[in-house]
Amino acid sequence: MAIFVIWRIIVAAIILLLLVWFSDVRLKGHFSRIGSNDHLNIQVRALYGVIRVEYVIPIMKFQGLKGLMIEREKNQLQEEQKTEWIDKGKIVEFYQKAKLMLTHTDGLTEWLKQTMKQFRCTELRWTTRLGLKDAPGTAILSGVVWGLKSSIIHILAKNVKMQVLPVLHVFPLYNRLHFSTEVMVAGHIRAGTAIWAGLKLLRRISKAKGGLKTWQRLMSSKPSS
């Protein structure tokens, strides 16, 4: 009887592991900029929708030399919106941390390329409306934006599996000063693939001298205010 119960537990554990391993982690992002108003929304779903995470930044504004001001949407634990600044100091700090991660990981860029190849893009829409006060300038700017979008999509297609054709639009608005853009992107990666990639990263970190201690210090350190 006891053996039968143990076998049932083992079989249930195997089935649960397989369900998790072959499930998808789905990501969906939406960014829009209309005038001086920016909005960013990122959604993550895993375990067949059991796990859902949403990250919303309703306001992002450039404030000259002070940097980029970000106001996060308040949640149940916050009474007010949280305001953060991305200035020169934070950019330098991020660069220094990235450099340390790169030097204390055996082949970090190679691992990143291999992992990105496992991500499947299922939606990519990018619409831009722009205009200058003179028609020739608007036409030239539209061509530049088209070229920039094409270059970005080309780089993306080389590193990510595209399952759909990107939908790109550039609408010139003549004789008026205007700029707005909207990007929608969605995709997924197999949960088992993500777990395996994490294990590979841990192995690469452990192979580098001082890698584990460096990553532990960087991940536990709080960003400067």
Side-chain angles (χ1 to χ4, degrees), residues 25-44 54-73 84-99 101-102 108-189:
V25 179
R26 298 186 176 274
L27 295 90
K28 188 173 184 178
H30 175 256
F31 171 79
S32 65
R33 177 177 179 84
I34 302 176
S36 60
N37 297 321
D38 297 324
H39 182 87
L40 175 65
N41 180 283
I42 299 175
Q43 300 177 15
V44 181
E54 186 173 14
Y55 184 78
V56 180
I57 297 180
I59 300 175
M60 294 189 296
K61 292 182 179 179
F62 284 100
Q63 300 289 334
L65 297 177
K66 293 181 67 176
L68 176 65
M69 185 270 288
I70 297 176
E71 286 190 7
R72 294 185 180 179
E73 191 174 69
E84 296 181 0
W85 286 92
I86 299 179
D87 53 15
K88 181 181 177 181
K90 284 197 173 182
I91 294 175
V92 171
E93 181 184 358
F94 174 79
Y95 170 76
Q96 292 174 343
K97 285 186 175 181
K99 189 176 180 180
M101 290 178 176
L102 186 63
L108 180 59
T109 54
E110 180 185 354
W111 171 86
L112 184 59
K113 289 180 180 179
Q114 292 176 352
T115 304
M116 288 184 63
K117 279 290 186 181
Q118 304 304 314
F119 185 82
R120 291 168 171 77
C121 181
T122 57
E123 181 182 10
L124 179 54
R125 299 175 180 271
W126 191 356
T127 302
T128 302
R129 292 177 172 82
L130 53 88
L132 299 176
K133 291 185 178 180
D134 61 287
T138 300
I140 293 173
L141 183 59
S142 298
V144 171
V145 172
W146 264 117
L148 179 62
K149 285 188 176 186
S150 299
S151 299
I152 293 174
I153 296 302
H154 178 70
I155 295 173
L156 183 65
K158 288 177 62 177
N159 294 280
V160 175
K161 292 182 180 178
M162 303 293 298
Q163 293 189 328
V164 294
L165 289 175
V167 179
L168 307 178
H169 294 294
V170 177
F171 297 109
L173 304 177
Y174 296 101
N175 301 320
R176 55 180 291 196
L177 193 62
H178 178 87
F179 178 80
S180 62
T181 189
E182 183 178 20
V183 182
M184 294 187 66
V185 60
H188 62 88
I189 185 172

Subject >> Close side-chain approach of Q43 and N41, heavy atoms under 4.5 Å >> reply: yes

Taking distance alone, no hydrogens or angles, what donor-acceptor pairs closer than 3.5 Å link side-chain atoms of residues 151-162 to residues at least two apart or in another chain?
from : atom 1 : to   : atom 2 : distance (Å)
S151 : OG     : G147 : O      : 3.0
N159 : ND2    : I155 : O      : 2.7

Original post:
Any idea which heavy atoms bring V170 and V145 closest together, and the distance?
Top reply: CG2-CG1, 4.0 Å

Subject >> Under 3.5 Å: donor-acceptor pair, side chain of K149, backbone of L168 >> reply: no

Subject >> Value rounded to 0.5 Å, distance of CD1 in I34 from NE2 in H39 >> reply: 10.5 Å

Original post:
Rounded to the nearest 0.5 Å, how far does CZ of F171 lie from OG1 of T181?
Top reply: 11.5 Å

**OP:** Go through L27 and I42 one step at a time and tell me if the side-chain contact (heavy atoms from CB on, under 4.5 Å) criterion holds.
**Re:** CA-CA 7 Å; L27 295 90; I42 299 175; 5.5 Å; no

Original post:
Is any side-chain heavy atom of E110 less than 4.5 Å from a side-chain heavy atom of Q114?
Top reply: yes

Subject >> H188 NE2 to F119 CZ distance, which is reported to the nearest 0.5 Å >> reply: 8.0 Å

**OP:** Consider only side-chain N and O atoms of S180 and H178, and report whether a donor and an acceptor are under 3.5 Å apart.
**Re:** yes

Original post:
Can you find a heavy atom in the side chain of T138 that is under 4.5 Å from one in the side chain of L173?
Top reply: no

Original post:
Can you find a pair of side-chain heavy atoms, one from R129 and one from H169, that are under 4.5 Å apart?
Top reply: no

**OP:** Drop me the distance from E182's CD to T128's OG1, to the nearest 0.5 angstrom.
**Re:** 9.5 Å

**OP:** With rounding to the nearest 0.5 Å, note down the distance linking OG1 in T115 to NZ in K117.
**Re:** 12.5 Å

**OP:** Output the distance between atom CZ (R176) and atom CG (D134), rounded to the nearest 0.5 Å.
**Re:** 14.5 Å

Subject >> Residue pair C121 / V185: nearest heavy atoms and the distance that separates them >> reply: SG-CG2, 4.2 Å

Original post:
Considering residues at least two apart in sequence or located in another chain, which fulfil the salt bridge (Lys or Arg N to Asp or Glu O under 4.0 Å) criterion with R120?
Top reply: none

Original post:
Taking all non-hydrogen atoms of both residues, which atom of V164 and which atom of E123 are closest, and how far apart?
Top reply: CG2-N, 3.7 Å

